Amino acid sequence: VKLEGVELRRVAMPLVSPFRTSFGTQTARDVLLLRAVTSEGEGWGECVAMSDPLYSSEYVDATADVLRRFFLPALAASSEELQRHGANAVNAVLHRYKGHRMAKAAVEMAVLDAELRAEGRSWARELGAVHERVPSGVSVGIVDSIPQLLDVVGGYLDAGYVRIKLKIEPGWDVEPVRAVRERFGGDVPLQVDANTAYTLRDARHLAELDDFDLLLIEQPLEEEDILGHAELARLIRTPVCLDESIVSAQSAAAAISVGACSIINIKPGRVGGYLEAVRIHDVAVAHGLAVWCGGMVETGLGRAANAALAALPGFTLPGDISASDRFYEKDITAPLTISEGYMDVPDGPGLGVSPIPEVLDAVTTSSEWIAL
Ligand SMILES: CSCC[C@@H](NC(=O)CCC(=O)O)C(=O)O
Ligand SMILES: [Mg+2]
């Protein structure tokens with residue numbers, strides 16, 4: 001495929017309610033979208049980077065800059081390779097550049113979408129999906145009080161979500177979990193996500209969560225503390241799941257081999273793209289680990305791609321693949337919905353969804369065309 005140019009389009013998407021985690025509170029998303037124009041047609045990519053480098057070192061202005069100054073020129077200079085191998089060549093061409101995996105993921109996604117739309121092939125089929133619909137879990141932010149939390153959780157259970165994930169941080173962990181268990185019972189699939197907020201000194205405290213039969217505790221320690229997670233896993237019974245720490249199939253293999261995790265949250269943007277996400281799935285499955293698909297508050301574009309990824313055989317735990325209306329009043333695509341707790345996996349060409357032009361234009365804050 002010949003890459004003729006890429007549009008960098010920024011959209012401002014207000015959230016339906018503030019989303020608070022251990023690293024901050026979001027009320028809106030400033031999202032970078034890529035529209036790749038190729039010889040075979042157009043494709044869309046979504047960059048999952050947040051506005052501030054608080055989840056990881058990437059942030060949306062930096063991803064636009066690294067695409068503009070390094071990645072897109074490099075792809076233009078490797079048009080031969082791109083013509084021959086398409087999206088499979090993107091990460092190979094960009095490998096010499098360190099990090100910026102969310103930016104790499106976005107351009108690989110846009111090129112892959114263009115190719116698949118042209119071939120009439122779905123994202124699900126390309127990645128190896130084996131299900132037509134996937135169970136939908138939901139991520140619940142930190143709120144001001146326990147009663148408010150119980151209302152929020154009750155609302156999502158009424159909406160049909162099959163798994164509840166609670167954001168936790170020091171001072172908001174054992175009590176909220178206890179309250180949810182007491183109110184909704186022991187059968188509700190329940191897990192927690194600390195986003196690196198604890199240290200090994202908190203091990204004894206985190207062991208108090210063992211009484212609540214959680215599916216997992218996600219990323220309790222900082223992302224580079226692989227050995228710390230292995231030590232923590234020996235001190236608590238709740239299975240340790242890694243998110244921020246797993247940036248590639250190689251780092252997944254390393255974390256698994258030292259016993260740092262028994263479950264992995266796979267996020268394509270964090271690991272450089274959907275193709276690497278499948279490799280991590282394969283490594284985890286080969287070691288007998290369960291994986292699930294995490295979320296980065298994506299628009300319908302990334303949400304649709306994540307639903308397809310979550311349909312691979314090793315994704316045996318519900319993912320953070322909630323309906324569009326969990327975060328957005330009006331999504332830029334036709335809204336993704338759940339019924340009886342499941343989301344249909346898109347089966348159209350490419351992502352299977354597209355931005356609705358007038359909706360996209362209404363939320364666009366900037367657009368920049370980069371000819372290649
Ligand atoms: C701003 S929070 C983004 C990262 C967070 N994501 C979620 O909690 C799920 C968000 C979603 O459902 O898209 C995580 O660490 O897993
Ligand atoms: Mg997480």
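For clarity, every value in this text was computed on a predicted model and none was experimentally measured. Read the numbers this way: they start at 1 and go in the same order the structure lists the ligands and their atoms.
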Taking both backbone and side-chain atoms of Glu218, is any N or O found less than 3.5 Å from an N or O belonging to ligand 1?
yes
Ranked by distance from atom 13 (O) of ligand 1, the top protein heavy atom is Val297 N, 2.8 Å
Between Lys167 and ligand 1, is there a nitrogen or oxygen pair with a distance under 3.5 Å?
yes
Specify side chain, backbone, both or neither for Asp193, according to which of its non-hydrogen atoms lie closer than 4.0 Å to ligand 1.
side chain
In the single-linkage hydrophobic clustering (I, L, V, M, F, W, Y; side-chain heavy atoms under 4.5 Å), do Val285 and Val283 co-cluster?
no
With sequence neighbours left out, what residues match Glu368 under side chain to side chain contact (heavy atoms under 4.5 Å, CB included)?
Leu8, Arg68, Ile370
shortest atom 16 (O) of ligand 1-to-protein heavy-atom contact is with Lys165 NZ, 2.8 Å
Sequence neighbours left out, what passes ring pair (Phe, Tyr, Trp, His ring centres under 6.0 Å) with Tyr55? Give chain and number order.
none
Name the closest protein heavy atom to atom 3 (C) of ligand 1, giving the residue it belongs to and the distance to 0.1 Å.
Met50 CE, 3.6 Å
Going by heavy atoms in the side chains, are Cys293 and Lys267 under 4.5 Å from each other?
no
Side chains of Glu182 and Val177: closer than 4.5 Å at any heavy-atom pair?
no
Checking heavy-atom distances from atom 8 (O) of ligand 1 to each of Ser139, Ser136, Ser322, the winner is Ser139
Within one Ile-Leu-Val-Met-Phe-Trp-Tyr cluster: Tyr97 and Val6, side-chain cutoff 4.5 Å
yes
Among all the protein's non-hydrogen atoms, which is closest to atom 6 (N) of ligand 1, and how far away is it?
Gly295 O, 2.9 Å
Would you mind checking which non-hydrogen protein atom is closest to atom 2 (S) of ligand 1, with the distance to 0.1 Å?
Phe19 CE2, 3.5 Å
Counting only heavy atoms closer than 4.0 Å, does ligand 1 sit against the backbone of Ile321, its side chain, both, or neither?
neither
Verdict with reasoning, Thr364 to Arg9, per side chain to side chain donor-acceptor pair (under 3.5 Å)
CA-CA 7 Å; Thr364 294; Arg9 189 180 269 251; 2.6 Å; yes
Report yes if some N/O of Glu244 lies less than 3.5 Å from some N/O of ligand 1; otherwise report no.
no
May I have the step-by-step check of side chain to side chain donor-acceptor pair (under 3.5 Å) for Arg117 and Ser354, ending in yes or no?
CA-CA 11 Å; Arg117 283 180 199 267; Ser354 298; 3.0 Å; yes
Short question: side chain of Asp113, backbone of Gly350 - any donor-acceptor pair under 3.5 Å?
no
Enumerated ligand 1 atoms positioned under 4.0 Å from heavy atoms of Asp243
14 (C), 15 (O), 16 (O)
Begin with the C-alpha distance, continue with both residues' side-chain angles, and end with the deciding distance and a verdict on side chain to side chain donor-acceptor pair (under 3.5 Å) for Glu223 and Ser56.
CA-CA 9 Å; Glu223 68 277 12; Ser56 72; over 6 Å; no
Suppose we measure from atom 11 (C) of ligand 1 to each protein heavy atom; which comes out shortest, and what is that distance?
Phe327 CE1, 3.5 Å
Of all protein heavy atoms, the one nearest atom 1 (C) of ligand 1 is Gln26 NE2, 2.4 Å
Would Ser245 and Gln219 count as a side chain to side chain donor-acceptor pair (under 3.5 Å) if you check the C-alpha gap in whole Å, the side-chain angles of each, and the deciding distance to 0.1 Å?
CA-CA 8 Å; Ser245 295; Gln219 198 71 43; 2.9 Å; yes
Checking a contact table here: which protein heavy atom is nearest atom 15 (O) of ligand 1, and how many Å away?
Asn195 ND2, 2.7 Å
Check the Mg ion (ligand 2) and write out every protein N, O or S atom at under 2.8 Å, as residue and atom.
Asp193 OD2, Glu218 OE2, Asp243 OD2
Greater than 12 external heavy atoms within 6.0 Å of Asp187's CG:
no
Arg29, Lys267, Glu298, Arg326: member with heavy atom nearest to atom 14 (C) of ligand 1:
Lys267
Using ring pair (Phe, Tyr, Trp, His ring centres under 6.0 Å) as the criterion, list what pairs up with Tyr161, not counting sequence neighbours.
Tyr156
